[in-house]
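Following: one structure in structure tokens, then a few remarks.
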Amino acid sequence: MKSEERQKLIMDLLAEQKFLRTSEIIERLPSSPATIRRDLVMMEQEGLIRKARGKVFLLAPNRVPDFDLRGLLYDEEKSAIGRAAATLVKEGDSIIIDSGTTALALASQLRHYKRLSVVTNSIPAAYVFNGTDVTTFVCGGMVHDMALVDHDALAYFAARRVGKAFLGATGVRGIEGLTVSSSYQYAVKRRMIESAEEAYVLIDSSKFNLRGVSMFVDFADLTGLVTSRPITNPRLLERLDKLNLKILYADPPTSV
């Protein structure tokens, strides 16, 4: 059986279900495990599938993966970003935590705080703080991708003022700014930034290869970026340096 035929069979199997375990795919195809694993690597590189924790997910073209899948992808990297971002939060702070899986990683790092006020539109983040000493305020709105959005959310954040906002993003647009794919999220993120004295975006390394649809913030409007690996785009680094934008690395580059 040719590689193209095997990959077509894999796509057909995944089209029937939300995901399959790698072991299940190997059991269903008449080829060696090593051959099938090579096919899966090629398919992931081509953007057809994503692999996470022994599971294989089919990716719909031009569509952001759903919340559950995003939570599995780059999870260790996101946890490291959450730990790094938590160093920016002090007892007594009032902060906004955006929806999204990387921002959720920050929420998980703040559960032990005793004097912290959090305003969020993230249903999972609100759940993380349930039963803790963190004072948590949740906006109203329509539920979309585990977040509260729409006019009620905008009005809620417009009436709030906090010290710091921590946001997620879909991708990076060159040296200009950060993007989001959801039209629902666009306006809410803009309002969050306007409601905070300082604004930070938490972004894993994969986002530098994604463009998103709408740019919701220019780098000039941010206080800083929290990411996991050194930024390699020299033009972007030059612009961030000119803006005096704070860059916090979860895994700082080794000194040479």
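Every value quoted in this text rests on a predicted model; they were computed, and no experiment measured them.
- Arg115 CZ to Asp133 CG: the interatomic distance, rounded to the nearest 0.5 Å, is 11.0 Å.
- Residues Gly174 and Phe219 share a closest heavy-atom pair of O-CE1, 4.3 Å.
- Both Ile26 and Met11 belong to a common hydrophobic cluster when Ile, Leu, Val, Met, Phe, Trp and Tyr are linked at side-chain heavy-atom distances under 4.5 angstrom.
- Applying the side-chain hydrogen bond (donor to acceptor under 3.5 Å, both in side chains) test to Ser32 and every residue at least two apart in sequence or in another chain returns Thr35.
- Hydrophobic clustering (ILVMFWY, side-chain heavy atoms < 4.5 Å, transitive): Val217 and Met215 are in distinct clusters.
- Under a cut-off of 6.0 angstrom, the local environment of CZ in Arg37 is sparse, with at most 12 non-hydrogen atoms contributed by other residues, nucleotides or ligands.
- Checked against ring pair (Phe, Tyr, Trp, His ring centres under 6.0 Å), Phe157 has no partners two or more places apart in sequence or in another chain.
- Not one N or O on the side chain of Glu198 forms a donor-acceptor pair closer than 3.5 Å with the backbone of Lys164.
- Here the side chain of Thr223 pairs a donor or acceptor atom with the backbone of Ala199 at under 3.5 angstrom.
- Remark: side-chain polar atoms of Arg83 are not paired, donor with acceptor, to backbone N or O of Ala250 under 3.5 angstrom.
- The CG atom of Leu40 sits 4.5 Å away from atom CD1 of Ile10, with the distance rounded to the nearest 0.5 Å.
- Panel note: side chain Glu194, backbone Ala158; no donor-acceptor pair is recorded below 3.5 Å.
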(request) Could you please spell out the steps behind the side-chain contact (heavy atoms from CB on, under 4.5 Å) verdict for Ile95 and Val162? (result) CA-CA 5 Å; Ile95 66 173; Val162 301; 5.6 Å; no
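- Between the side chain of Glu77 and the backbone N or O of Ser228, no donor-acceptor pair lies under 3.5 Å.
- Checked for salt-bridge contact, Asp218 and Arg239 meet the test: a charged N lies under 4.0 Å from a carboxylate O.
- For Arg229 against Ser205, the heavy-atom pair with the smallest separation is NH1-OG, 3.6 Å.
- Between Val226 and Ala84, the shortest heavy-atom contact is CG1-CB, 3.9 Å.
- How far CG of Leu110 is from OG1 of Thr132: 9.5 Å, rounded to the nearest 0.5 Å.
- Glu238 pairs by the salt bridge (Lys or Arg N to Asp or Glu O under 4.0 Å) definition with Lys242, not counting sequence neighbours.
- In this structure, Val128 and Ala107 approach most closely via the heavy-atom pair CG1-O, 3.7 Å.
- A 4.5 Å side-chain heavy-atom check between Thr232 and Phe208 finds every atom pair outside the cut-off.
- Residues Leu237 and Val172 are members of one and the same hydrophobic cluster, defined by side-chain heavy-atom contacts under 4.5 angstrom among Ile, Leu, Val, Met, Phe, Trp and Tyr.
- Shown are Asp98, Val201, Leu88; of these, the side-chain contact (heavy atoms from CB on, under 4.5 Å) with Phe166 is made only by Leu88.
- In this structure, CZ on Phe216 lies 7.5 Å from OG1 on Thr179, to the nearest 0.5 angstrom.
- Atom OG1 in Thr102 sits 5.0 Å away from atom CG in Asp204 (nearest 0.5 Å).
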(request) Please step through side-chain contact (heavy atoms from CB on, under 4.5 Å) for the pair Ser195 and Ile96, ending with a clear verdict. (result) CA-CA 9 Å; Ser195 297; Ile96 286 173; 4.1 Å; yes
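- Between the CG atom in Leu106 and the OG atom in Ser79 there is a gap of 11.5 Å [rounded to 0.5 Å].
- Using a distance-only test at 3.5 Å, with no hydrogens or angles considered, a donor-acceptor pair links the side chain of Thr136 to the main chain of Val134.
- Side-chain contact between Leu167 and Leu178 is absent, with no heavy atoms from C-beta onward closer than 4.5 Å.
- In this structure a side-chain-to-backbone donor-acceptor pair under 3.5 Å is present from Ser108 to Leu104.
- The environment of CG in Asp12 is crowded: more than 12 heavy-atom neighbours from other residues, nucleotides or ligands sit within 6.0 Å.
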(message) Run Tyr249 and Thr227 through side-chain contact (heavy atoms from CB on, under 4.5 Å) and show every step you take.
(response) CA-CA 5 Å; Tyr249 290 112; Thr227 187; 3.7 Å; yes
(message) Quick one, Val138 with Tyr156, criterion side-chain contact (heavy atoms from CB on, under 4.5 Å). Give me CA distance, side-chain angles, the key distance, then yes/no.
(response) CA-CA 9 Å; Val138 183; Tyr156 188 89; over 6 Å; no
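- Remark: the backbone N or O of Val89 is paired with a side-chain donor or acceptor of Tyr113 at under 3.5 angstrom.
- Each of His144, Lys189, Gln185 was evaluated against Asn121; a single residue qualifies, Gln185, per the side-chain contact (heavy atoms from CB on, under 4.5 Å) test.
- Judged purely by atom type and a 3.5 angstrom limit, Ser31 has no side-chain atom pairing as donor or acceptor with the backbone of Ile36.
- Hydrophobic clustering (side-chain heavy atoms under 4.5 Å, transitive across Ile, Leu, Val, Met, Phe, Trp, Tyr) keeps Phe137 apart from Tyr127.
- Between the side chain of Thr170 and the backbone N or O of Ser181, at least one donor-acceptor pair lies under 3.5 Å.
- In this structure, the side chains of Val143 and Leu148 come closer than 4.5 Å at one or more pairs of heavy atoms.
- Closest of all the heavy-atom pairs between Leu13 and Leu29 is CD1-CD2, 4.4 Å.
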